[in-house]
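Taking it in order: structure first as structure tokens, then the write-up.
A note on names: the letters A, B, ... follow the listed sequences, proteins ahead of strands, and every chain is numbered from 1.
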2 protein chains.
Amino acid sequence: MVTMSDVAREAGVSTMTVSNVLNDRRPVGAPTRARVLAAVESLGYEVNLTARNLRAGRTGTVALIVPSFYDYYSELADAVAREVEAGGRHLVLERTTASAELEMASVSRARLQLYDGVLMSSVGLDREDLDRIRSSTPIVLLGERDVPDRFDHVRLANEAGAQEATAHMIARGSRRILALGCTSGDAHAMTSDRRVGWEQAHRDAGLPIDERYVVPIGDYSFEDARRTLLKVIAAGLPFDAVFAATDVIALAALGALHESGLRVPDDVRVSGFDDLQVSRYVPPGLTSVDPGHETVAREAVRLLHRRLADPDAPAEHVATPVRLVVRGSTR
Amino acid sequence: MVTMSDVAREAGVSTMTVSNVLNDRRPVGAPTRARVLAAVESLGYEVNLTARNLRAGRTGTVALIVPSFYDYYSELADAVAREVEAGGRHLVLERTTASAELEMASVSRARLQLYDGVLMSSVGLDREDLDRIRSSTPIVLLGERDVPDRFDHVRLANEAGAQEATAHMIARGSRRILALGCTSGDAHAMTSDRRVGWEQAHRDAGLPIDERYVVPIGDYSFEDARRTLLKVIAAGLPFDAVFAATDVIALAALGALHESGLRVPDDVRVSGFDDLQVSRYVPPGLTSVDPGHETVAREAVRLLHRRLADPDAPAEHVATPVRLVVRGSTR
DNA sequence: CTGTTAGCGCTTTCAT
DNA sequence: ATGAAAGCGCTAACAG
């Protein structure tokens, strides 16, 4: 490996001069400068960022830690990357290993130190897991409602979005609306927040709430969602609409309904949540709740920058608005 | 920040003993060990990985560098993460900034040093760009056919996959098959390799090759694909099938055909390439070429490990097989 | 079993 | 405008 002192020797200067040339930190005479650059070129030198980071105490890198690379997260990551880069840092994506009991365990606290800051999607982590996190690296949580106060936190208006989607289908005439992938109980998980919105829409419309229509699914995969809906159909529970907790679930539902000979939207209306890019194109177009990735990303990075500037600032909790996008699946 | 010497002082031992306890490197007496662990706990110490990495000359991290976080890449990344983790390292994902003239510029050579190895998707990089890469960090290229010999390289059997998909639609009766998102010319880009397969299927069947049916699209987005196909339809070029260069294009085509009142597969058969998860669920099910992420990931990580073990081994070039998956869109 | 020394490659600080 | 020395936090190598 070529080091800075190799370059210094080649150019006949000290390592400090090389460093100054490379970082434009202090004025360097033009001829010296030229010799240094020539040496850098001829030796093919690159600074060692590990050494620089150790010395500087910062890395210029922010990590976004997510449960999986798919779907919602990849679209969010894209928006976050743009925001982080606008702030002059790099973004890297890390995945928590699904198999880990406690998802956090798969990204050790030590690893967090490799970053100036971390944005972590807390979906799948409960309050206890989060309480256990002690890190000198600033962390901004993205996701569910119930996080310890000490964390900066950005969440979606999950209830409002679910309510709007459900109310929209009620307004179109749906009366028996499955809450597919939603969960009962009051754990403040995303799936339960979205069920609350589904319930609220029913109350607003003076419709009864039938708990049989809240149908949780296992692992949020397409396959699991498909199988679950097929089972509901086989069991004979009558329904005329599906509010799916995520677009992945909604898209799988479109498939399952098609397999069962049910037409969308004529027999069953379908609405999702996440507004994946593909949802706009899949016939007949999937009605969905746009989570506003740009806003989430902007707020998350803003909170991180604020925290980096002032480590002792009080934690901030932000809920970002969402927006229903109506397409063919509910027409 | 709590350092190792803080822990050493607290426990009344040397830093080496702390290091040995933390890394299980040399046997440490039980009482000493206990005192060290107690000090670690009470001070909330975490090793500084930057310092460790500098000292060790390795980082235990592999980067997968991709043009975007979406679709094909997210599904590939998942498989790669599993392989890398099986080898005891972490995977991080980095995105090349789309705006950069030369995509490589957005991931500086210096950054590559932060990793033990790099897997880089070369889609979008031409041979000249690749030729310019000089890195002491091992790089395995994923993607197109035409890469400099010195790189380890894994590519898909793009031609074979495209040929199989096209032949399948010909066998079902299609005669005018758009090659949507494919490109003419002999640049060894993915889009041209797939066009070659489309042509080969025509030759094999004794069908004429009409270059008007090769319809490139701009940026590989859903929207671009949709607009392009709508334009083809408006222009009146008759076709009874679409072979799309990617599933994103194929899914957008399903939408555009639906908008135009054309039925799939009755009026137009559609086949994609990538076998995204969603493609299985979108009615009527998208026929697609499964790129075999597991195989690609396994080979890529194998090449990387081989290179790490022997930096001077001759470069290896691997083409992995693909497999047509037939679904409703071509029945 | 435990400690001391040296140094990974860089940049801050102080000197010239 | 340039250089020398010190040290970021850790661990390999050598001592005891």
- Message: Looking only at the side chain of A:Arg25 (C-beta and beyond, no hydrogens), which of the listed nucleotides D:dG3, D:dA12, C:dT12 gets closest?
- Response: C:dT12

- How close or far is atom C1' of D:dG3 from atom CE of A:Met4, stated in whole angstroms? 14 Å

- Between B:Asp78 and B:Arg82, is there a salt bridge with N-O shorter than 4.0 Å? yes

So which protein nitrogen or oxygen atoms get under 3.5 Å of nucleotides 14-16 of chain D's nitrogens or oxygens?
from: D:dC14; atom 1: N4; to: B:Arg26; atom 2: NH1; distance (Å): 2.7

- Query: Side-chain donor-acceptor pair under 3.5 Å between B:Arg109 and B:Thr137, yes or no?
  - Reply: no

- Atom CE of B:Met16 and atom C1' of C:dG7: how far apart are they, to the nearest Å? 14 Å

- B:Asp6 CG - D:dG9 P separation (whole Å): 9 Å

- Message: Base, sugar-phosphate or nothing for B:Thr3? Non-hydrogen atoms, less than 4.0 Å.
- Response: sugar-phosphate

- Give a yes/no answer on whether the side chain of B:Thr15 brings an N or O atom under 4.0 Å of OP1 or OP2 in D:dC10. no

- Message: With no hydrogens and no angle check, just 3.5 Å: does a side-chain donor-acceptor pair link B:Thr59 and B:Asp116?
- Response: yes

- Separation of C:dG7 atom P from A:Met1 atom CE, nearest Å, is 18 Å

- Query: Within a strict 4.5 Å, meaning less than it, do heavy atoms of the A:Asp149 and A:His317 side chains meet?
  - Reply: yes

- Item | Length of the line joining A:Arg9:CZ and D:dA4:P, which is rounded to integer Å | 14 Å

- Just do the salt bridge (charged side-chain N to carboxylate O under 4.0 Å, His left out) check on B:Arg307 and B:Glu316 with the steps written out, would you? CA-CA 10 Å; B:Arg307 174 69 44 205; B:Glu316 199 172 321; over 6 Å; no

- Query: Using a cut-off of 4.0 Å on non-hydrogen atoms, how would the nucleic acid contact of A:Asn23 be classed: base, sugar-phosphate, or nothing?
  - Reply: sugar-phosphate

- Taking the side chain as every heavy atom from C-beta outward, state whether A:Leu114 and A:Thr61 have any pair of such atoms under 4.5 Å apart. no

- Go through residues 34-58 of chain A and report each residue with a non-hydrogen atom lying under 4.0 Å from DNA chain C, sorted by number. A:Tyr45, A:Val47, A:Asn48, A:Ala51, A:Arg52, A:Arg55

- Task: Tell me yes or no: between the side chains of A:Arg26 and A:Thr17, is some donor less than 3.5 Å from an acceptor?
- Result: no

- N/O (side chain, A:Thr17) to phosphate O (OP1/OP2, D:dG3) under 4.0 Å: yes

- Item | A:Tyr70-A:Glu75 side chain donor-acceptor pair, cut-off 3.5 Å | no

- Task: Output the distance between atom CG (A:Leu76) and atom OG (A:Ser121), rounded to the nearest 0.5 Å.
- Result: 7.5 Å

